[in-house]
Asker: 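Attaching a single structure in structure tokens format; questions to follow.
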Amino acid sequence: MSVRTRFAPSPTGVLHLGSLRTALYNWLYARRHGGEFLLRIEDTDRQRSLPEHIRALVEALQRFGLDPDEEPLLQSSRVERHREVAHQLLESGSAYHCYCTPDELAAMREEQRARGEVPRYDGRWRDNTGPPPAGVKPVIRFRRPDSEEVVVKDWLHGDVRYLNSQLDDLVLLRADGSPTYHLSCVVDDEDMGVRQVIRGDDHLNNTPRQLQLIQALGWTPPEYCHLPLLLAPDGKKLSKRDEATDALHYLRAGYLPDAVLNYLARLGWSHGDQEVFTIKELISCFGREGLGASASRLDPDKLNWINQQHMKTAPVDVLCEGLEAQLEKIGLNPADGPPLEKVAEAWRERAETLAGVAEAARWAFSHEIELDEKAARKVLRPVVREPLAAVCAALAGLAEWTAADIHACIAETAESLGIGFGKLGQPLRVAVTGGGVSPPIDTTLYLAGRARTLERLDVALGYIDARIAAAGSAAQG
RNA sequence: GUCCCCAUCGUCUAGUGGUUAGGACACCGGCCUUUCACGCCGGCAACAGGGGUUCGAAUCCCCUUGGGGACGCCA
């Protein structure tokens with residue numbers, strides 16, 4: 001069985017997260033079976049299909065690494081072929097001209113609704129033999145077959161049956177000669193050699209119509225798989241207005257592309273108890289057996305966890321690249337601080353996203369730090385003045401500014417003062433970072449750099465002196 | 001309104017007639033620890049409801065309820 005899948009989005013400007021998952025499943029399935037993954041841009045709605053939208057879409061897919069195996073096909077370039085097929089259907093008797101005006105159709109539906117019926121084209125031009133009305137440009141409609149039912153064979157849903165009588169004669173070619181979605185979709189899938197159609201659940205009801213068309217054309221239908229929807233965390237439909245709907249939002253927010261893909265893959269698919277997958281593992285594990293049929297909600301907590309798992313194992317240069325962007329985003333200069341790879345290593349297990357890393361590493365890149373008042377009051381007390389001054393002097397005289405040397409220096413100072421390492425660690429941390437949380441203290445000082453460290457220790461000593469002075473004057477007064 | 005799809009812990013899910021209903025996220029304890037994380041150990045927590053079928057149903061069938069989708073000269 002040959003495998004050729006496709007992702008066929010209409011270019012609306014953003015890559016919808018649900019669409020990304022659909023693309024991912026198509027891509028994975030093709031990769032898994034050594035087939036091809038194709039991209040077709042359904043840009044026949046010319047108003048919405050701006051060139052920049054198309055470019056954005058292709059780029060977004062690229063950023064997640066979902067590259068198609070052939071040049072993307074623009075559906076708009078195929079209208080001649082679509083017309084050809086429509087006329088072929090006309091000649092074979094599977095289609096006919098319909099001279100209804102849009103107003104007439106609207107009125108017809110209105111009446112049907114009023115009578116409590118399903119709005120449906122009544123086939124009034126189906127068997128017309130008389131002369132066509134003057135001045136009306138006709139559309140070409142498909143002649144729905146008379147057979148009893150159509151059966152959609154779906155990977156997830158099994159055989160889904162539709163009574164033909166519930167379907168009506170759909171428009172193939174508009175009055176202006178442009179093809180409609182069903183025709184274009186069916187013809188393009190056939191010509192592209194698509195064998196597996198993996199798409200959203202919202203297309204399930206379109207499939208019987210497309211199947212009828214395929215049958216009328218004598219073609220072999222592809223396999224179908226209709227994926228359940230992706231819902232917002234509250235269980236509602238993902239709103240296009242919500243930024244969480246935009247796949248690129250997650251990249252901007254400091255998530256790793258592979259982590260997003262991993263998360264998305266596990267939403268509606270599973271492989272035993274495994275939660276964390278590399279792309280390679282996904283390719284070798286992905287299969288339709290693991291697919292689920294029910295809609296699933298987005299869970300930001302789980303995404304964060306998955307992302308952290310990926311941060312822990314990601315190549316350091318991948319981390320650095322993203323980190324650089326995140327630092328710039330919050331107004332810091334990535335070049336004015338410790339080497340990015342050291343920063344990445346220090347925080348890859350301590351933050352959930354690269355944005356989190358940048359935020360936590362702020363003190364290593366900025367010149368001004370803010371002392372957290374609570375932490376300072378608690379830790380920078382008069383009793384630590386002497387030890388802090390001693391370690392400050394020792395650090396100033398250090399030959400090499402490495403984490404190992406810094407560690408040894410602090411340990412020696414602590415020992416000579418007869419206090420524990422921990423007694424020195426926290427005051428140093430608060431002095432250098434402004435707060436009580438950071439990587440191990442030797443790493444922290446290394447990352448701050450000697451200049452910043454000594455400078456800030458000086459400030460901290462001043463802070464303590466001020467406290468001592470205040471206490472003294474309070475005692476006197 | 002008609003048709004179609006879906007239904008296991010709060011969330012993602014495993015399960016395919018016989019399990020103490022498993023795992024993961026989140027949450028709550030504890031351990032580790034120079035802070036925070038990571039890691040490890042433990043806890044809380046589910047088969048929507050009602051009928052069948054069967055010696056036996058989360059698993060099969062029907063109904064109800066709930067959620068979602070489709071009914072265009074949009075895609």
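A, B, ... follow the sequence lines: proteins, then strands. Residue 1 opens every chain.
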Asker: State whether A:K237 places a side-chain N or O below 4.0 Å from either non-bridging phosphate oxygen (OP1 or OP2) of B:rG67.
Answerer: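 Indeed not, no polar side-chain atom of A:K237 lies that close.
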Asker: Does B:rC73 have OP1 or OP2 under 4.0 Å away from a side-chain N or O of A:R141?
Answerer: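 The answer is yes; a side-chain N or O of A:R141 sits under 4.0 Å from OP1 or OP2.
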Asker: Does the plane of the ring in A:H226 sit parallel, tilted or perpendicular to the ring in A:Y224? Use 30° and 60° as the thresholds.
Answerer: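 The arrangement is parallel - the two ring planes meet at less than 30°.
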Asker: A:N205 side chain: which of B:rC12, B:rA75, B:rC4 is closest?
Answerer: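 In terms of side-chain proximity for A:N205, the closest of B:rC12, B:rA75, B:rC4 is B:rC4.
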Asker: If we count only N and O atoms by modelled type, under 3.5 Å, do the side chains of A:T245 and A:D242 hold a donor and an acceptor together?
Answerer: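 Looking only at side-chain atoms, A:D242 and A:T245 do not form any donor-acceptor pair under 3.5 Å.
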Asker: Is it true that, when you exclude A:R126 itself, more than 12 heavy atoms of the residues, nucleotides or ligands shown sit nearer than 6.0 Å to its CZ?
Answerer: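 Counting neighbours around CZ of A:R126, more than 12 heavy atoms of other residues, nucleotides or ligands fall under 6.0 Å, so yes.
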Asker: Check this one for me: any side-chain N or O of A:S296 less than 4.0 Å away from OP1 or OP2 of B:rU13?
Answerer: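 So the side-chain polar atoms of A:S296 do come within 4.0 Å of the phosphate oxygens OP1 or OP2 of B:rU13, strictly under.
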Asker: Please say which of A:F277, A:W155, A:Y29 ends up in a ring-ring contact (aromatic ring centres under 6.0 Å, His included) with A:W269.
Answerer: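 Per the ring-ring contact (aromatic ring centres under 6.0 Å, His included) rule, the option paired with A:W269 is A:F277, out of A:F277, A:W155, A:Y29.
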Asker: Would you say B:rA75 has OP1 or OP2 under 4.0 Å from some side-chain N or O of A:T44?
Answerer: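 The answer is yes; a side-chain N or O of A:T44 sits under 4.0 Å from OP1 or OP2.
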Asker: Can you tell which of B:rC3, B:rA75, B:rC5 lies closest to the side chain of A:D201?
Answerer: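 The answer is B:rC5, which lies nearest to the side chain.
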Asker: Does a side-chain N or O of A:R174 approach OP1 or OP2 of B:rA75 to a distance below 4.0 Å, or not?
Answerer: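 It does, given that an N or O in the side chain of A:R174 lies less than 4.0 Å from OP1 or OP2 of B:rA75.
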Asker: Distance check, C1' atoms only: B:rC38 and B:rU33, in whole angstrom units.
Answerer: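 One C1' to the other, the span is 11 Å.
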Asker: Could you tell me how far B:rA7 sits from B:rU20 if I compare only their C1' atoms? Round to whole Å.
Answerer: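 Here B:rU20 and B:rA7 have their C1' atoms 25 Å from each other.
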Asker: So, is A:H157 near the phosphate of B:rC4, with a side-chain N or O under 4.0 Å from OP1 or OP2?
Answerer: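 A:H157 to B:rC4 OP1/OP2: no side-chain N or O under 4.0 Å.
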Asker: Distance between the P atoms of B:rA24 and B:rA14, in whole angstroms?
Answerer: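 B:rA24 and B:rA14 have their P atoms separated by 15 Å.
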Asker: Less than 3.5 Å apart, any donor N or O on the side chain of A:H310 or A:N307 sitting next to an acceptor on the other?
Answerer: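 Result is no, nothing qualifies.
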Asker: Between B:rC9 and B:rA48, how far is it from one P atom to the other, in whole Å?
Answerer: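 One P to the other, the span is 7 Å.
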Asker: With respect to the side chain of A:V118, which nucleotide from B:rU13, B:rG1, B:rC73 is positioned closest?
Answerer: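 Nucleotide nearest to A:V118's side chain: B:rG1.
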Asker: By nearest nucleotide on RNA chain B, pick out whichever of A:A295 and A:V160 is the more 5' one.
Answerer: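 The residue mapped nearer the 5' terminus is A:V160.
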Asker: Between B:rU53 and B:rC3, how far is it from one C1' atom to the other, in whole Å?
Answerer: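 After rounding to an integer number of Å, I get 29 Å for this pair.
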Asker: Which letter, B, S or -, goes with each nucleotide of nucleotides 34-45 of chain B from 5' to 3', with contact meaning a protein heavy atom under 4.0 Å?
Answerer: BBBBSS------
Asker: Could you please name the option among B:rA14, B:rA75, B:rG68 that lies closest to any side-chain atom of A:L229?
Answerer: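 Nearest to the side-chain atoms of A:L229, counting from C-beta on, is B:rG68.
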Asker: Is the A:Y263-A:Y250 ring centre distance short of 6.0 angstrom?
Answerer: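 Ring centroids of A:Y263 and A:Y250 are no less than 6.0 Å from each other.
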Asker: Given the P atoms of B:rG10 and B:rG51, what is the spacing between them in whole Å?
Answerer: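 So the two P atoms sit 23 Å from each other.
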Asker: Among B:rC73, B:rA75, B:rC3, which nucleotide has an atom closest to any side-chain atom of A:Y162?
Answerer: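 It is B:rC3.
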Asker: Looking only at side-chain atoms of A:R109, point me to the closest of B:rC73, B:rA7, B:rG1.
Answerer: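 Ranking B:rC73, B:rA7, B:rG1 by closest atom to the A:R109 side chain puts B:rC73 first.
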